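Report on the structure given below.
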Protein chains: 2
Amino acid sequence: MERKVTIQDIATMAGVSKSSVSRYLNNGYISEDKAKKIKSAIERTGFETNFFAKRLKTKKSGLIGIVIPRIDSVTVGKFLNGINRKLRENDYQGMILISELDIEKELDNINSLNQQGVDGIIINSMSITKKHLEITSKLNIPTIFTGQKSEFINYIKLDDYKAGRIMGEYFKAKGHKEIVFLGINEFDKAVGIERKSGFIDAVKENNPGSRVQFVETDFTFTSAYLKGDEILKYKPTAIVCATDNICLGILRYLHERNIKVPDEISVAGFGGYEIGGVSYPAITTIAFDYELIGIKTAQGILDLIEGKELEENNDIALELIERESVKEIVDKGGIG
Amino acid sequence: MERKVTIQDIATMAGVSKSSVSRYLNNGYISEDKAKKIKSAIERTGFETNFFAKRLKTKKSGLIGIVIPRIDSVTVGKFLNGINRKLRENDYQGMILISELDIEKELDNINSLNQQGVDGIIINSMSITKKHLEITSKLNIPTIFTGQKSEFINYIKLDDYKAGRIMGEYFKAKGHKEIVFLGINEFDKAVGIERKSGFIDAVKENNPGSRVQFVETDFTFTSAYLKGDEILKYKPTAIVCATDNICLGILRYLHERNIKVPDEISVAGFGGYEIGGVSYPAITTIAFDYELIGIKTAQGILDLIEGKELEENNDIALELIERESVKEIVDKGGIG
DNA sequence: CTGTTAGCGCTTTCAA
DNA sequence: TTGAAAGCGCTAACAG
């Protein structure tokens with residue numbers, strides 16, 4: 001393992017000073033002549049600049065910290081894709097830390113990233129606590145949250161309340177009055193509260209006699225599946241699930257009981273996962289452009305680093321995709 | 001934005017030299033007395049050691065580069081989970097670079113990671129080319145491949161040929177003779193060649209009159225779905241898919257045509273994705289423990305960094321999960 | 001346009 | 001045990 005070649009070696013080979021080499025590397029002024037010599041020396045040796053030295057000197061790492069709750073999720077994957085694309089365009093690189101759904105680890109990760117000298121941190125938080133605010137307010141680098149929102153911090157997220165409302169309006173228009181909302185715990189404010197209440201608010205508005213029952217689950221297929229019995233007790237005409245994955249779990253349950261979707265019960269989800277398009281029946285859903293959220297978030301942190309204000313305009317498109325899992329309820333003649 | 005506090009500040013505050021602070025930080029000898037003073041100074045200031053300076057000096061980054069083809073895939077996610085866990089245990093951290101299914105970017109990423117001073121690189125390659133060998137052989141740090149194998153390099157992967165064989169034996173035992181293997185391009189040696197030929201070899205062994213037709217697709221649901229017509233022309237009793245996702249695509253196709261699975265056609269996949277357990281019918285599959293592969297790979301790169309040999313023992317468990325998508329063919333009495 | 005110089009914050013001899 | 005000193009590889013004034 002030969003010693004790494006440094007800028008000084010190149011300087012010596014090219015017969016110039018190391019500042020000239022540095023200038024060459026960083027687009028400073030340099031004569032054609034010397035540039036050529038330097039170039040050749042670099043090519044011959046395969047020189048590569050030492051990032052640590054450079055960063056130590058410049059106090060800029062070109063690194064953006066990214067804190068995510070988990071990595072084995074397609075939505076997180078798409079989000080990271082978006083971030084990655086935007087960061088790459090701007091010669092930044094992401095440094096991803098996984099919190100394993102543990103809020104303490106999430107906090108640790110933020111600190112750790114800061115310590116590593118990243119230029120900014122993107123936090124895809126499960127739930128923003130007081131500690132989050134404490135920690136991030138002390139940092140000397142910008143941070144931006146996503147997935148959840150809170151006062152006094154920067155965040156970029158889709159409008160869960162609005163998504164809920166769109167779905168609510170849809171089910172109202174379809175004539176459903178007896179609905180189960182299969183959602184998640186309120187610890188998750190975005191999905192657990194906003195999405196749910198958007199839905200409920202829209203359903204109930206000017207819609208006498210309508211009822212929305214809440215059943216709690218988590219993000220897994222299995223948990224949703226296991227809630228089937230409980231849901232059926234409400235004799236709903238529709239089950240609206242907080243995510244498409246939850247919907248897939250309940251679809252399995254209904255299949256097993258030989259309950260026809262959408263003929264006997266309508267179901268729908270949120271997210272617009274690809275898998276929901278090939279399930280049988282295909283799931284009606286509200287599609288979120290996670291990749292776009294990633295792009296906007298990355299742009300946001302970049303703006304913050306440059307001292308710019310964050311754009312207020314957080315509109316991430318919300319698209320209702322009507323597929324096969326919802327049927328209109330035909331009024332059976334004035335009963336109820 | 002106040003100046004960051006450095007080791008020198010701590011030294012001054014504690015009335016010691018910065019070498020002593022450094023020793024304190026790195027478990028060197030230090031008197032109880034001074035240790036206490038240093039500790040208090042650190043706590044008061046919230047001092048954090050500058051990683052870049054440390055790395056510049058020690059020539060060790062504590063960073064492992066990870067190159068993956070894409071991030072929005074659950075299998076990749078699980079793999080990263082495994083890596084992450086093992087790395088964390090050993091106080092290393094992953095630096096993930098995404099190749100976006102582009103082999104040139106994959107190569108770039110390897111170089112870029114090296115340049116950034118990582119201590120080793122894990123490469124989840126799509127296809128190992130000559131260039132891969134050239135580049136990695138020139139590096140001064142260890143590399144380990146996964147997902148694909150090749151001579152003269154370190155790799156850890158599951159045994160695709162064996163997985164194929166297990167599935168082949170299974171279908172043979174179930175009496176299927178007219179099978180379509182819905183697989184992918186041979187560019188991907190692991191899935192495109194090994195997995196497929198393991199299957200075909202096992203089916204054909206001592207099994208006169210059996211036929212396996214190959215139909216090519218890619219890893220998406222849609223592409224598989226679109227191959228439905230072509231597959232049906234072969235009038236198979238079984239469709240074996242190279243991955244569970246492919247299987248989900250074909251399942252959708254069969255549902256639409258009202259072809260009953262497994263009564264009219266049996267299907268199966270590879271991977272053991274959770275979604276395959278809640279689809280209808282649930283998919284019979286061979287489960288791969290991607291997380292374990294991640295753990296083993298991470299352990300491997302760590303071993304390599306310490307100069308240890310890589311263990312030969314690459315046995316990743318392969319488990320056939322029988323669910324609902326395969327039916328036994330009852331011999332109709334000596335025909336064929 | 002170019003070279004000299006200082007120094008980023010840390011670790012690590014070496015000598016005390 | 002401890003401190004002084006050197007230096008990791010690079011950039012950025014500054015003077016020329």
Side-chain angles (χ1 to χ4, degrees), chain A residues 1-39 41-42 45-63 91 112 114-119 140-141, chain B residues 1-39 41-42 45-63 91 112 114-119 140-141:
Chain A
M1 197 136 106
E2 337 120 46
R3 192 179 60 81
K4 273 240 173 190
V5 15
T6 75
I7 206 173
Q8 179 63 72
D9 299 325
I10 302 297
T12 310
M13 286 179 68
V16 299
S17 74
K18 52 185 187 147
S19 349
S20 291
V21 179
S22 174
R23 267 186 220 106
Y24 171 83
L25 260 14
N26 299 294
N27 304 314
Y29 284 100
I30 191 96
S31 66
E32 282 262 325
D33 178 40
K34 310 216 164 186
K36 243 179 243 165
K37 283 182 188 154
I38 294 172
K39 188 173 178 213
I42 289 177
T45 54
F47 163 80
E48 277 161 359
T49 124
N50 180 318
F51 270 53
F52 299 132
K54 180 168 190 164
R55 287 166 181 173
L56 171 58
K57 186 69 195 178
T58 59
K59 315 259 194 239
K60 239 195 116 264
S61 69
L63 250 31
D91 293 314
S112 162
N114 177 52
Q115 187 174 166
Q116 298 197 40
V118 298
D119 298 334
N140 288 321
I141 53 173
Chain B
M1 197 138 109
E2 336 119 45
R3 192 180 59 82
K4 273 238 174 192
V5 15
T6 74
I7 206 173
Q8 179 63 72
D9 298 325
I10 302 298
T12 310
M13 286 179 68
V16 300
S17 72
K18 52 186 186 143
S19 347
S20 293
V21 179
S22 174
R23 269 184 220 106
Y24 170 84
L25 259 15
N26 299 294
N27 303 314
Y29 283 98
I30 192 96
S31 66
E32 283 260 325
D33 178 41
K34 309 215 165 186
K36 241 178 243 165
K37 283 182 189 154
I38 293 171
K39 187 171 177 215
I42 289 177
T45 54
F47 163 80
E48 277 161 0
T49 125
N50 179 318
F51 271 52
F52 299 134
K54 180 168 192 163
R55 287 166 181 171
L56 172 58
K57 189 68 195 177
T58 58
K59 315 261 196 234
K60 238 195 114 265
S61 69
L63 249 32
D91 292 315
S112 161
N114 177 52
Q115 187 174 167
Q116 298 199 39
V118 298
D119 298 335
N140 288 320
I141 53 173

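Because only heavy atoms are used, hydrogens play no part in the values below, and waters and symmetry mates are left out as well, while side chains stay in. Keep in mind it's a predicted model, so treat the numbers as computed, not measured. Note on naming: letters A, B, ... go to the chains in the order of the sequence lines (proteins, then strands), and numbering restarts at 1 for each one.
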Residues B:Phe51, A:Arg55; criterion side chain to side chain contact (heavy atoms under 4.5 Å, CB included); working and verdict:
CA-CA 10 Å; B:Phe51 271 52; A:Arg55 287 166 181 173; over 6 Å; no
Do B:Ile38 and B:Val16 pass the side chain to side chain contact (heavy atoms under 4.5 Å, CB included) test, and can you show the C-alpha distance, the side-chain angles, and the key distance before you say yes or no?
CA-CA 8 Å; B:Ile38 293 171; B:Val16 300; 4.1 Å; yes
Applying side chain to side chain contact (heavy atoms under 4.5 Å, CB included) to A:Phe47 and A:Leu25, what does each step give before you reach the verdict?
CA-CA 11 Å; A:Phe47 163 80; A:Leu25 260 14; 3.8 Å; yes
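In this structure, OH of A:Tyr24 is placed 13 Å from P of C:dT2, rounded to the nearest angstrom. B:Gln8 places its CD atom 13 Å from the C1' atom of C:dC8, with the value rounded to the nearest Å. Rounding to whole angstrom units, CG of residue B:Asn50 and P of C:dC10 are separated by 6 Å. For B:Ile10 and C:dG9, the CD1 to C1' distance is 13 Å, given to the nearest whole Å. Atom C1' of nucleotide C:dC10 and atom CZ of B:Phe51 are separated by 12 Å, given to the nearest angstrom. The interatomic distance linking B:Leu56 (CG) with C:dC10 (C1') rounds to 8 Å, in whole Å. What separates NZ of B:Lys37 from C1' of D:dT1 is a distance of 14 Å, to the nearest Å. The OH-C1' distance, from B:Tyr29 to C:dT13, rounds to 17 Å in whole Å.
At least one donor-acceptor pair closer than 3.5 Å links the side chain of B:Thr12 to the backbone N or O of B:Gln8.
For A:Ser19, the side chain to side chain donor-acceptor pair (under 3.5 Å) partners two or more places apart in sequence, or in a different chain, are A:Ser17. Residues meeting the side chain to side chain donor-acceptor pair (under 3.5 Å) test with A:Lys54, sequence neighbours left out: A:Asn26. Under the side chain to side chain donor-acceptor pair (under 3.5 Å) criterion, A:Thr49 pairs with no residue, sequence neighbours left out. By the side chain to side chain donor-acceptor pair (under 3.5 Å) test, B:Asp119 pairs with B:Ser61, sequence neighbours left out.
Within the 4.0 Å cut-off from OP1 or OP2 of D:dC10, not a single side-chain nitrogen or oxygen of A:Lys60 is found.
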Could you write nucleotides 11-16 of chain D as a row of B, S and -, 5' to 3', where a protein heavy atom under 4.0 Å of any base atom gives B, of only sugar-phosphate atoms gives S, and otherwise -?
BBB---
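Between B:Met13 and B:Thr45, some side-chain heavy-atom pair lies under the 4.5 Å cut-off.
Candidate nucleotides C:dT2, C:dC8, D:dT2 were compared by shortest atom distance to the side chain of A:Lys59, and C:dC8 ranks first.
Where the helix from C:dC1-D:dG16 to C:dA16-D:dT1 starts and where it ends, the local axes point in directions that differ by 30°; five pairs per end, rounded to 10°.
Backbone-only contact: A:Phe47 has heavy atoms under 4.0 Å from sugar-phosphate atoms and none from a base.
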